[in-house]
Amino acid sequence: MEGSRLINGEKIDLGVCYYPEHWDRSLWPEDLDRMLAAGLRTVRVAEFAWSQLEPREGEYTYEFFDSFLDLAQAKGMQVIFCTPTATPPAWLTEKYPEVLNRDMEGHPICHGSRRHYNYNSPVYRKLCRNIVERSAARYGRHPAVVGWQLDNEFNCENDTFYSESDTEAFRLFLRERYGTLENLNRAWGTVFWNQTYTDWGEVYVPRKTNTNSPNPHQQLDYYRFISHSVCTFAKEQADIIRRYCKPGDFITTNGMFGNIDYQRMKAESLDLLMYDSYPNFAYCLDGYDPGDPMKDRNWSRNLAEVRAVSPVFGIMEQQSGANGWNTRMEAPTPRPGQITLWTMQSIAHGADYISYFRWRTCTFGTEIYWHGILDYSGRENRRLREVTQVSDKVAKLREVAGSRYEAKVGILRDYDNIWDCRVDRWHERVESVSQNGLFVALQQAHVPFDYVYLENPLTPEELGRYEVLFYPHASILTTERAKMLNDYVAAGGTLVMGCRTGYKDQNGKCVTDYLPGLAAQMTGTDIPEYSFVPPDQGQSMVDWDGVQVEAPVFNDLLSPVGDGAEVLGVYTSGYYAGTPALIRNTFGKGRAYYFGGAFPPATASVFLRKLGIAEPWGNVVTLPAGCELAVREKNGKRYLFVLNYLPETAEVTLRTELTDLLERSPVSGRIEVEKYGVRVFSLEKSRQP
Ligand code: GLA
């Protein structure tokens with residue numbers, strides 16, 4: 001981000017979300033002064049403030065944000081300005097009800113909450129282009145503005161759309177994709193249950209059907225279509241802003257939600273992605289899982305997803321108070337230390353800008369319990385003191401800015417399979433177990449990892465940065481992706497695949513090849529039979545060289561093919577005891593593993609040990625499973641983050657001399673990391689063992 005005043009590789013910055021429209025103007029100067037005193041130098045504004053800019057159709061008023069931005073400039077505060085399109089005003093939805101989203105049964109999603117619009121209404125598109133252009137023209141060159149946020153959290157709360165405009169746009173999308181109805185009928189297998197279409201006007205977005213089971217291939221295309229709708233909506237706004245904004249000012253959006261191809265959105269519209277990180281969701285009264293070993297540490301998984309889009313990113317909303325709407329998500333306030341811990345969790349994964357949500361807690365509306373740094377009165381409090389301390393710490397991490405998270409292990413992802421999981425419960429059952437299992441095992445064995453998206457062609461060199469890649473259940477396998485994998489393995493990589501690989505094509509239709517289809521040759525595997533693990537059978541176990549591993553949910557019964565294929569493990573339970581369950585195939589210079597089940601944490605951790613990739617930094621630091629290790633790298637220098645999520649002190653051993661960046665002193669040997677504590681160490685290139 002050349003020329004940017006934030007996230008420019010020079011320092012890590014803190015900011016805060018502010019709603020000038022929620023407070024009396026007389027509070028603004030004091031609020032900005034107090035933010036600056038706490039080390040918060042950037043505010044995000046205006047994402048829900050359409051009525052402040054256009055109170056009635058065609059009537060524009062700039063006095064409000066002119067005053068605020070001029071004040072910000074006078075105080076030396078930077079501003080991220082948002083397009084206000086997440087909340088169309090009442091005058092708009094009343095006059096143009098077609099802009100409203102509808103549920104699957106056709107009921108309108110009415111005014112009164114947020115995100116009530118659909119992306120495809122031509123009139124909404126026009127009104128959005130208009131308000132975005134007005135804002136960009138007015139504030140694009142304002143000296144206080146450093147960047148732009150598009151909308152707010154695309155697809156948050158609701159990621160499906162069923163308005164009439166969506167159906168119209170879906171037809172166009174499908175015509176573009178398939179050309180003729182004949183092709184569409186073939187792609188969707190409409191001959192099944194007599195669904196054949198004879199006119200484009202018969203095609204709709206999925207509607208309520210008997211047993212709530214619409215055509216799965218239609219559904220898969222529908223998710224692709226939603227992503228297309230969001231991406232084109234974002235691009236229209238980004239293209240306008242770029243015509244007006246100053247060089248160096250960035251365009252971003254916030255959050256990660258369903259049915260969006262963020263790789264595409266980033267490429268078309270964004271300089272970087274920002275994320276909204278609320279790890280305290282783990283402690284909501286509903287849904288709290290005492291048995292989850294990760295809890296707030298699960299947000300590291302989301303941060304890894306953000307990094308797969310933007311290697312260096314920002315956090316637009318970092319939790320600073322309790323969660324809670326008046327209707328849901330009741331949660332306790334962050335405990336002392338947790339604001340720091342969660343901020344450092346974001347930085348450890350690659351965030352160079354952290355903006356807290358929000359400055360003062362709102363005194364009205366749905367979010368009266370979604371606390372910010374300050375409570376309703378604005379009085380000085382513990383959380384503000386902690387944020388102020390964080391800004392001192394972040395100043396000491398200046399040299400970390402611009403460094404990249406470093407991982408030698410990757411988990412492959414693609415949107416075909418992510419969306420197929422939403423359509424297909426058979427797929428989802430194995431995928432959810434393995435995505436969680438791999439994450440937990442990698443975390444507990446302190447293995448930094450990346451998610452790697454196979455959306456665009458990646459060369460063997462790009463994939464070759466990873467010693468080991470997991471692609472747990474690529475049910476949909478395309479020739480392009482199979483080629484990337486073949487090339488990676490042939491060049492010396494190690495690939496691990498799990499059950500249910502390669503049995504579908506891009507439409508989600510089953511292939512007639514011998515399974516695992518396009519992965520058969522590379523994995524040296526044939527699958528003559530498969531089954532869900534019978535629920536009355538107990539656990540499905542595999543003997544891997546004397547080590548018992550569980551192969552839960554679904555089992556492919558394997559058979560080795562070719563000279564390079566070696567059976568490493570066999571099932572020991574059920575009617576298929578003795579059948580191969582794990583095959584390793586030598587393919588070119590590398591190796592491909594095919595495992596017949598899913599990967600829960602214990603199984604995944606056996607793989608990490610057997611593949612020799614557990615504890616990759618073990619000769620530098622040893623730490624308990626309850627602590628996360630994250631590593632960022634710049635010019636050969638490493639920054640090691642140790643994050644203790646536990647409510648107890650952790651003992652950590654440094655096996656070589658490191659520099660404690662927060663204490664600014666050399667350190668080695670046994671140290672204690674206090675509960676919810678964080679340490680950041682630098683390791684000089686010359687000292688790396
Ligand atoms: C999201 C939104 C914010 C706020 C918080 C809390 O992250 O972007 O506007 O609503 O959730 O609900």
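Heads up: numbering here begins at 1 and tracks the sequence. Order of listing sets the numbers, starting from 1, for every ligand and every atom in it.
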> Would R114 count as a contact of ligand 1 if the rule is a heavy atom under 4.0 Å away?
Replying inline: yes
> So which of W359, F65, F64 actually passes ring-ring contact (aromatic ring centres under 6.0 Å, His included) with W28?
Replying inline: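 With W28 as partner, W359, F65, F64 yield a single ring-ring contact (aromatic ring centres under 6.0 Å, His included), made by F64.
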>> Please evaluate residues Y356 and E317 with respect to the criterion side-chain hydrogen bond (donor to acceptor under 3.5 Å, both in side chains), reporting the C-alpha separation (whole Å), side-chain torsions for both, the decisive distance (0.1 Å), and the verdict.
In response: CA-CA 5 Å; Y356 292 100; E317 300 178 15; over 6 Å; no
> Polar-atom distance check: W370 versus ligand 1, any N or O pair below 3.5 Å?
Replying inline: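 For ligand 1, there is no N or O atom that lies under 3.5 Å from one belonging to W370.
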> Is there any N or O on E47 that sits under 3.5 Å from an N or O of ligand 1?
Replying inline: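 N/O-N/O distance under 3.5 Å: no.
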For ligand 1, does [X] get within less than 4.0 Å through its side chain, its backbone, both, or neither, judged by non-hydrogen atoms?
{"X": "N323", "result": "neither"}
{"X": "M329", "result": "neither"}
{"X": "R328", "result": "neither"}

>> So does S165 get a backbone contact from the side chain of S121, meaning a donor-acceptor N/O pair under 3.5 Å?
In response: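 Looks like no, no N/O pair under 3.5 Å.
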>> Taking R632's backbone N and O only, do any of them form a donor-acceptor pair with S403's side chain (distance below 3.5 Å, no angle check)?
In response: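 No.
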>> Using a 4.0 Å cutoff against the non-hydrogen atoms of Y278, which atoms of ligand 1 qualify?
In response: 5 (C), 7 (O)
Could you identify the single nearest non-hydrogen protein atom to [atom] and state the distance to 0.1 Å?
{"atom": "atom 10 (O) of ligand 1", "value": "E367 OE2, 2.3 Å"}
{"atom": "atom 3 (C) of ligand 1", "value": "E317 OE1, 3.3 Å"}
{"atom": "atom 1 (C) of ligand 1", "value": "E153 OE1, 3.0 Å"}

> Can you find a heavy atom in the side chain of W342 that is under 4.5 Å from one in the side chain of Y676?
Replying inline: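 With C-beta onward as the side chain, the pair stays apart.
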>> Against the six-membered ring of Y223, is R422 placed for a cation-pi contact (under 6.0 Å from the centre, within 45° of the normal)?
In response: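 Positive - R422 is close enough to the ring of Y223 and near enough to its axis.
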> Can you name the nearest heavy-atom pair linking R114 to N152, along with the distance?
Replying inline: NH1-ND2, 4.0 Å
